[in-house]
Chemist: 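Just dropping this structure here.
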Amino acid sequence: MPELPEVETVCRGLSKKLLKLNVLKVKVFNKKLRYNISKNIEKCLIHNKIKAIIRRGKNGIIVFSGKYNLHFHLGMTGKFLITTPNYKKKKHDHLLIRFDENLVLIYNDVRKFGYLELIKKPLDIVSFRGIGIEPFLCKSFEKELFLKICKKERSIKDILLDQNYICGIGNIYASEILYRSKISPFKLGKNLCENDFNNLLNSVEYILNKAIKKGGSSIKNYKNIDEQLGYFQVEFKVYNKEGMACHQCDNLIAKKKQSGRSTFFCKDCQPIN
DNA sequence: CCATTGACCTGAGCGC
DNA sequence: TGCGCTCAGGTCAATG
C-alpha cells in the first residue's frame, strides 16, 4: 500500500511521539509476516531508547540506543498505531511494543506482505539493501540514472516501479508522475529523450513533495499512526480516474493492465514517441 | 545478465 | 444471502 509519501508521513508521526522513549516490553502475537519476526526481538530491544526514525525509499528504520535497529517495510497493508496500555488487541495485530510514558506501539498488517527485522549496527543507510537513489537526490545523479535507463528495453513505468533505479515510487505515484511528465507509461527506457528525462525527474520531486505535504494518500485503508487520513488522493489527476476528463485536453483518462498492474494515463497528452 | 510471470495473503466489491 | 470472480498502495523467486 504505502509508497514514499505515506512511509515518510508514518516516520514523522512515529518520531513525533516516540523519540527518546524507552522500551519496557515487546510482545509478538504472530511472527509470520513476509519474513518471520525474530524470536530475540524483546531481548534485543528491551530497555533501549529510540534515537531516531529514518526513511529510505519505502523502508523505515527505527534507530535504538543499543546494538540493533528495527527495519520495517509496510508491504501493502502494514500500519502502525500508537495507543495506550489498556488497548484491546485487534484482528491482524502482529506486534506490540510498550514504552514508558504510557505509550504502546502496534503493528497491524492484514495481508502480511510487510515485515519487521532487526538489523545490526552500524547502519549504512546509503547502501541499504542495495536499493536505488532517493527521489529527492535524483537530480544530483541525473547522468548516472539516464545512462542506466536509456539502455533499457523495459517500459518507463516498470522502471519507475523498480526500486533499484529510483526508490520509493509505487503504482499510484508512477501514473501521476508520468502524466505530469507527458510521457506514455509504455514508452521504453531506451526511447526516452533528454527532455523526457528532465521532465520526469522534475515530476518525481514535485509529485512526491506535494503528496508528503498532504500527508500521503488514503484510498482504502492507509492511515497515519494517529489514525489521521492523508489527503493527496483528492489531487490525483489520473489514478482511479478511468473515463474522467483529462485536465489538459478533451480526451478521457484510460486504464490498462501493465505488468499485471493498473496504469492510468491520457493517450493524447502522453505520447509514446 | 535481462525481462516476465506467478506466488505470497486477506478482504472488499461486483454480478448472478 | 451467498458464491465465485477480480481487484488492491509491494516484493521476490523462478523461468525462459
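Residue numbering restarts at 1 for every chain, and letters A, B, ... go by the order of the sequence lines.
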Chemist: Determine the Euclidean distance between corresponding P atoms of C/dC3 and B/dC9; express it in Å to zero decimal places.
Modeler: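 Straight-line distance between the two P atoms is 23 Å.
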
Chemist: Could you tell me the separation between the CG atom of A/Leu33 and the P atom of C/dC12, rounded to a whole number of Å?
Modeler: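 The answer, rounded to whole Å, is 14 Å.
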
Chemist: If the C1' atom of C/dC12 is compared with that of B/dG11, how far apart are they to the nearest Å?
Modeler: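 C/dC12 and B/dG11 have their C1' atoms separated by 23 Å.
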
Chemist: Taking the minimum atom-to-atom distance to the side chain of A/Lys91, which one of C/dA8, C/dG9, B/dG11 wins?
Modeler: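 Side chain of A/Lys91 sits closest to B/dG11.
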
Chemist: Apply the ring-ring contact (aromatic ring centres under 6.0 Å, His included) test between A/Tyr239 and each candidate in A/Phe264, A/Tyr173, A/Tyr179; give the one that qualifies.
Modeler: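 Only one option passes, and that is A/Phe264.
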
Chemist: Taking it one step at a time, do A/Leu178 and A/Leu200 satisfy side chain to side chain contact (heavy atoms under 4.5 Å, CB included)?
Modeler: CA-CA 7 Å; A/Leu178 288 168; A/Leu200 186 68; 3.8 Å; yes

Chemist: Can a side chain N or O of A/His73 be found less than 4.0 Å away from OP1 or OP2 on C/dG10?
Modeler: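 So the side chain of A/His73 is outside the cut-off, no N or O lying under 4.0 Å from OP1 or OP2 of C/dG10.
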
Chemist: For a quick test of reading the model: is some side-chain N or O of A/Lys152 closer than 4.0 Å to OP1 or OP2 of B/dC2?
Modeler: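 A/Lys152 to B/dC2 OP1/OP2: side-chain N or O found under 4.0 Å.
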
Chemist: Side chain of A/Asp158 only, heavy atoms from C-beta on: which candidate in B/dT4, B/dC2, B/dC9 is closest?
Modeler: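 Nearest to the side-chain atoms of A/Asp158, counting from C-beta on, is B/dT4.
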
Chemist: Just checking A/Lys257: base, sugar-phosphate only, or nothing, at a heavy-atom cut-off of under 4.0 Å?
Modeler: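 Sugar-phosphate, backbone atoms only, no base.
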
Chemist: Rounded to the Å, how far apart are A/His94 NE2 and B/dC8 P?
Modeler: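 Taking atom P of B/dC8 as the reference, NE2 of A/His94 is at 17 Å.
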
Chemist: Check the phosphate of C/dC7 against A/Ser262, side-chain N and O only, distance under 4.0 Å to OP1 or OP2. Yes or no?
Modeler: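 Checking C/dC7 against A/Ser262, no side-chain N or O comes under 4.0 Å of OP1 or OP2.
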
Chemist: In whole angstrom, give me the gap between the P atoms of B/dA3 and C/dG9.
Modeler: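 Result for the P pair: 23 Å, nearest Å.
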
Chemist: Looking only at N and O atoms, is any donor in the side chain of A/Arg261 or the base of C/dA8 less than 3.5 Å from an acceptor on the other one?
Modeler: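 When only heavy-atom distances are counted, A/Arg261 does not reach the base of C/dA8 through any donor-acceptor pair under 3.5 Å.
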
Chemist: Expressed as a whole number of angstroms, how long is the span from A/Glu242:CD to C/dT6:C1'?
Modeler: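 About 14 Å, once rounded to whole Å.
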
Chemist: Which one, B/dT10, C/dG9, C/dC12, comes nearest to the side chain of A/His92?
Modeler: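 Nearest to the side-chain atoms of A/His92, counting from C-beta on, is B/dT10.
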
Chemist: Rounded to whole angstrom units, what separation is found between the CG atom of A/Leu74 and the C1' atom of C/dT11?
Modeler: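 Roughly 13 Å, once rounded to whole Å.
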
Chemist: Ignoring backbone atoms, test whether A/Tyr35 places a side-chain nitrogen or oxygen under 4.0 Å from the OP1 or OP2 oxygen of B/dC8.
Modeler: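 Looking at the OP1 and OP2 atoms of B/dC8, neither is under 4.0 Å from any side-chain N or O of A/Tyr35.
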
Chemist: Heavy-atom distance under 4.5 Å between the side chains of A/Val204 and A/Asn202, does that happen here?
Modeler: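 Of all side-chain heavy-atom pairs linking A/Asn202 with A/Val204, none is under 4.5 Å.
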
Chemist: B/dA3 P sits how many Å from A/Gln258 CD, rounded?
Modeler: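 After rounding, the reported distance stands at 14 Å.
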
Chemist: Looking at A/Gln163, does any N or O in its side chain come under 4.0 Å of the phosphate oxygens OP1/OP2 on C/dG10?
Modeler: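 False: A/Gln163 side-chain N/O out of range (4.0 Å or more) of C/dG10 OP1/OP2.
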
Chemist: A/Arg34 has a side chain; which of C/dC12, B/dT4, B/dC9 sits nearest to it?
Modeler: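 So the side chain of A/Arg34 is nearest to C/dC12.
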
Chemist: Starting at the 5' end of DNA chain C, write a dot or bracket for each base, bracketing those in Watson-Crick or G-U wobble pairs whose two distances are under 3.5 Å and using | for partners on another strand.
Modeler: .|||||||.|||||||

Chemist: Main chain of A/Leu161, side chain of A/Gln163: is a donor-acceptor contact present, judged purely on distance under 3.5 Å?
Modeler: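 Answer holds: yes.
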
Chemist: Could you check how far CG of A/Asn108 sits from C1' of B/dT10, rounded to whole Å?
Modeler: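 That distance rounds to 12 Å.
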
Chemist: Figure out the CD/P separation between A/Gln233 and C/dA8, and round it to whole Å.
Modeler: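 My rounded result for the distance is 17 Å.
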
Chemist: Tell me whether the side-chain N/O atoms of A/Lys112 come closer than 4.0 Å to OP1 or OP2 in B/dC8.
Modeler: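 For B/dC8, neither OP1 nor OP2 has a side-chain N or O of A/Lys112 closer than 4.0 Å.
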
Chemist: With a distance cut-off below 6.0 Å to the six-membered ring centre and an angular limit of 45° from the axis, does A/Lys157 pair with A/Phe186 as a cation-pi contact?
Modeler: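 Output no; distance or angle outside limits.
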
Chemist: Of the nucleotides B/dA3, B/dG11, C/dT11, which one has an atom closest to the side chain of A/Val110?
Modeler: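 The answer is B/dG11, which lies nearest to the side chain.
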
Chemist: Which value, rounded to the nearest 0.5 Å, describes the distance between A/Asn191 atom CG and A/Ile272 atom CD1?
Modeler: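 Reported to 0.5 Å precision, the distance equals 8.0 Å.
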
Chemist: With a distance cut-off below 6.0 Å to the six-membered ring centre and an angular limit of 45° from the axis, does A/Lys49 pair with A/Phe64 as a cation-pi contact?
Modeler: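 Negative - A/Lys49 is either too far from the ring of A/Phe64 or too far off its axis.
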
Chemist: Is the distance between the ring centroids of A/Tyr115 and A/His73 less than 6.0 Å?
Modeler: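 Yes.
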
Chemist: Identify which nucleotide among B/dA3, B/dG11, C/dT11 has an atom closest to any side-chain atom of A/Arg154, counting heavy atoms from C-beta outward.
Modeler: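 For the A/Arg154 side chain, the nearest candidate turns out to be B/dA3.
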
Chemist: Is the base of B/dC8 stacked against the aromatic ring of A/Phe113, taking ring centres under 5.5 Å apart and planes under 30° as the test?
Modeler: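 According to the criterion (under 5.5 Å, under 30°), yes, A/Phe113 stacks.
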
Chemist: In whole angstrom, give the distance that lies between atom CG of A/Asp162 and atom C1' of C/dG10.
Modeler: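 A/Asp162 atom CG is separated from C/dG10 atom C1' by 12 Å.
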
Chemist: For A/Asp196, what residues pass the salt bridge (charged side-chain N to carboxylate O under 4.0 Å, His left out) criterion, not counting sequence neighbours?
Modeler: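 A/Lys187.
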
